[in-house]
2 protein chains.
Amino acid sequence: MARPPARTELHATVAARLRTDGQRVTASRTTLVDVLARARRPLTIPEIQARASGLATSSAYRNLLVLESVGVVHRIVTNGDHARYELAEDLTEHHHHLICSQCGAVEDVPASARLEQSVHKAADEIERHTGFRTQHHRVDLVGLCKRCA
Amino acid sequence: MARPPARTELHATVAARLRTDGQRVTASRTTLVDVLARARRPLTIPEIQARASGLATSSAYRNLLVLESVGVVHRIVTNGDHARYELAEDLTEHHHHLICSQCGAVEDVPASARLEQSVHKAADEIERHTGFRTQHHRVDLVGLCKRCA
DNA sequence: CTTTCTGCAAACGATTTGCAGCAGC
DNA sequence: GCTGCTGCAAATCGTTTGCAGAAAG
């Protein structure tokens, strides 16, 4: 369970959030954060287990639930069989997803400033009209990845 | 299994698509389309069954799968336990979703022209940079609905 | 030392599938 | 009438949960 030096700060933040919520800092949890930080896209449980050798399935699910409740991890559901997990956006960067309709691959893309502005403007208008108070948004582009095109 | 006159055209289109794919036009399928057309938001299987009395669960799933493969229905997955189904956008109108993070309710909202333009521009840029060819997109605003706010 | 984690195996629940009878066309 | 659709009950499979032993603090 090696911890690359460059990620020290991330792990410190995660540890702080865990302790604040009365949760323990365990090797499994540190590894999970590490795995997600290294990936440039949301991972499924099988993908996570392939990168975190020996982690029991139930522990993976339980720890990801804990990490989510502490605001470190975000769970997303696309259309594949498995849910996907990624680090919370305040630990990484705001981004959107490219989803391949053929092979199911998911990739991160940074959000353009113009698009963000349009989304916020739309959300403001919607709140005025409907009373819906937007907390965050999700933009997915569904299409064919380079390999499937 | 009454069919409101105003929906005749919709049903004709659906029937045509079914026949083109060698599928039969049955009462269950007509009812399903009717139920989805009446709702102004994507419905879960239990919600659909509540509106289509006597439809077996397995038939609901099977027929929605057929309707999806024929391009009449679109299946979406939010974060609730059940998937949701709506009519394909070329049979209704392009729209986005408001998803309540508290109660899980999903509501349709028309897409603003400005936002659409921004999304398309972003998709073009992404295709130039990464080769990803966007087919369609999804914009979800996640927040608190009026009732939960 | 106490309380929380962990892995294993069993339980759950949404969705899928096998089968015998009914209905499109 | 032939072929595909329907409901029922059983199977699947991702995810959750109970429990006894191990580890965090």
Side-chain angles (χ1 to χ4, degrees), chain A residues 1 3 11-12 14-35 42-50 52-70 72-85 104 106, chain B residues 1 3 11-12 14-35 42-50 52-70 72-85 104 106:
Chain A
M1 300 227 179
R3 174 200 296 188
H11 284 294
V14 170
R17 293 195 189 174
L18 282 170
R19 292 207 190 85
T20 298
D21 264 52
Q23 299 283 346
R24 293 184 180 171
V25 179
T26 69
S28 308
R29 291 172 185 178
T30 304
T31 300
L32 280 171
V33 170
D34 231 40
V35 165
L43 300 179
T44 62
I45 289 280
E47 288 170 343
I48 290 170
Q49 286 182 298
S53 62
L55 181 61
T57 307
S58 57
S59 296
Y61 279 111
R62 265 194 283 235
N63 283 318
L64 288 166
L65 201 63
V66 168
L67 289 169
E68 188 179 24
S69 77
V70 169
V72 167
V73 157
H74 187 206
R75 173 191 175 133
I76 62 182
V77 185
T78 56
N79 279 319
D81 289 339
H82 295 267
R84 287 177 180 273
Y85 298 85
V106 180
Chain B
M1 302 227 178
R3 174 199 298 187
H11 284 296
V14 170
R17 292 194 190 175
L18 281 170
R19 292 205 192 86
T20 298
D21 265 52
Q23 298 284 346
R24 290 183 183 172
V25 179
T26 69
S28 308
R29 292 173 184 178
T30 304
T31 301
L32 280 172
V33 169
D34 231 39
V35 165
L43 301 179
T44 63
I45 289 279
E47 287 170 343
I48 290 170
Q49 286 183 297
S53 64
L55 180 60
T57 307
S58 58
S59 296
Y61 280 110
R62 265 194 283 235
N63 283 319
L64 287 167
L65 200 63
V66 168
L67 289 169
E68 188 180 23
S69 77
V70 170
V72 167
V73 158
H74 188 204
R75 174 194 176 133
I76 62 184
V77 184
T78 57
N79 280 317
D81 288 338
H82 295 268
R84 287 176 180 275
Y85 298 83
V106 179

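Numbered from 1 within each chain, the chains take letters A, B, ... in sequence-line order. Everything quoted here is computed from the prediction, not taken from an experiment.
Of the side-chain N and O atoms in A:S28, one or more sit less than 4.0 angstrom from OP1 or OP2 of C:dT6. Side-chain nitrogen and oxygen atoms of B:T26 include none within less than 4.0 Å of the OP1 or OP2 phosphate oxygen of C:dA23. A close approach under 4.0 Å does not occur between any side-chain nitrogen or oxygen of B:Q23 and OP1 or OP2 of C:dG24. Dashed line: the shortest gap from a side-chain N or O of B:R24 to OP1 or OP2 of C:dA23 is not under 4.0 Å.
Distance CD (B:Q49) to P (C:dT15): 11 Å, rounded to an integer number of Å. Rounded to whole Å, atom P of C:dC5 lies 14 Å from atom CG of A:L55. For the pair A:L67 CG and C:dC5 C1', the interatomic distance rounds to 13 Å; values are reported in whole Å. One atom, CG of A:L32, and another, P of C:dC5, lie 13 Å apart when rounded to the nearest Å. Atom CG in A:L65 sits roughly 15 Å away from atom C1' in C:dT6 (whole-Å rounding). Rounded to an integer number of Å, the gap from CG of A:L64 to P of C:dC5 is 14 Å.
Between B:E47 and B:R84 the shortest heavy-atom distance is OE1-NH1, 3.4 Å. Across all non-hydrogen atoms, the minimal contact from A:V66 to A:S69 is O-OG, 2.8 Å. Closest non-hydrogen pair, B:A60 versus B:I45, comes out as CB-CD1, 4.1 Å. Shortest non-hydrogen contact noted between B:N79 and A:R75 is OD1-O, 4.4 Å. Annotation for B:A56 and B:Q49: closest pair C-NE2, 3.7 Å, computed over non-hydrogen atoms. Shortest non-hydrogen contact noted between A:L18 and A:R24 is CD1-O, 3.9 Å.
For DNA chain D, the contact window with chain A, defined by any atom under 4.0 Å from a protein heavy atom, covers D:dG14 to D:dG25 in 5' to 3' order.
Atoms CG and CZ, on B:L67 and B:R17 in that order, are 11.0 Å from each other to the nearest 0.5 Å. Rounded to the nearest 0.5 Å, atoms OG1 (A:T78) and CD1 (B:I76) are 13.0 Å apart.
A donor-acceptor pair is defined here as one N or O able to donate and one able to accept, closer than 3.5 Å; no such pair exists between the side chain of A:R29 and the backbone of A:V14. Judged by distance alone, with hydrogens and angles left aside, the side-chain atoms of A:T31 form a donor-acceptor pair with the main-chain N or O of A:A27 at under 3.5 Å.
Listed in residue order, the members of residues 75-83 of chain B having a heavy atom less than 4.0 Å from DNA chain D come to none. Listed by residue number, there are no residues of residues 15-22 of chain A with a heavy-atom contact under 4.0 Å to DNA chain D.
Remark: of the listed residues A:L64, A:L65, A:T57, A:T57 is the sole one forming a side chain to side chain contact (heavy atoms under 4.5 Å, CB included) with A:Y61.
Between B:Y85 and A:G54, the residue anchored nearer the 5' end of DNA chain C, judged by the nucleotide with its closest heavy atom, is A:G54.
Counting heavy atoms from C-beta outward, A:L32 and A:L55 have side chains that approach closer than 4.5 Å.
Residue contacts for B:R29: at a heavy-atom cut-off of 4.0 Å it reaches the sugar-phosphate backbone alone, with no base atom in range.
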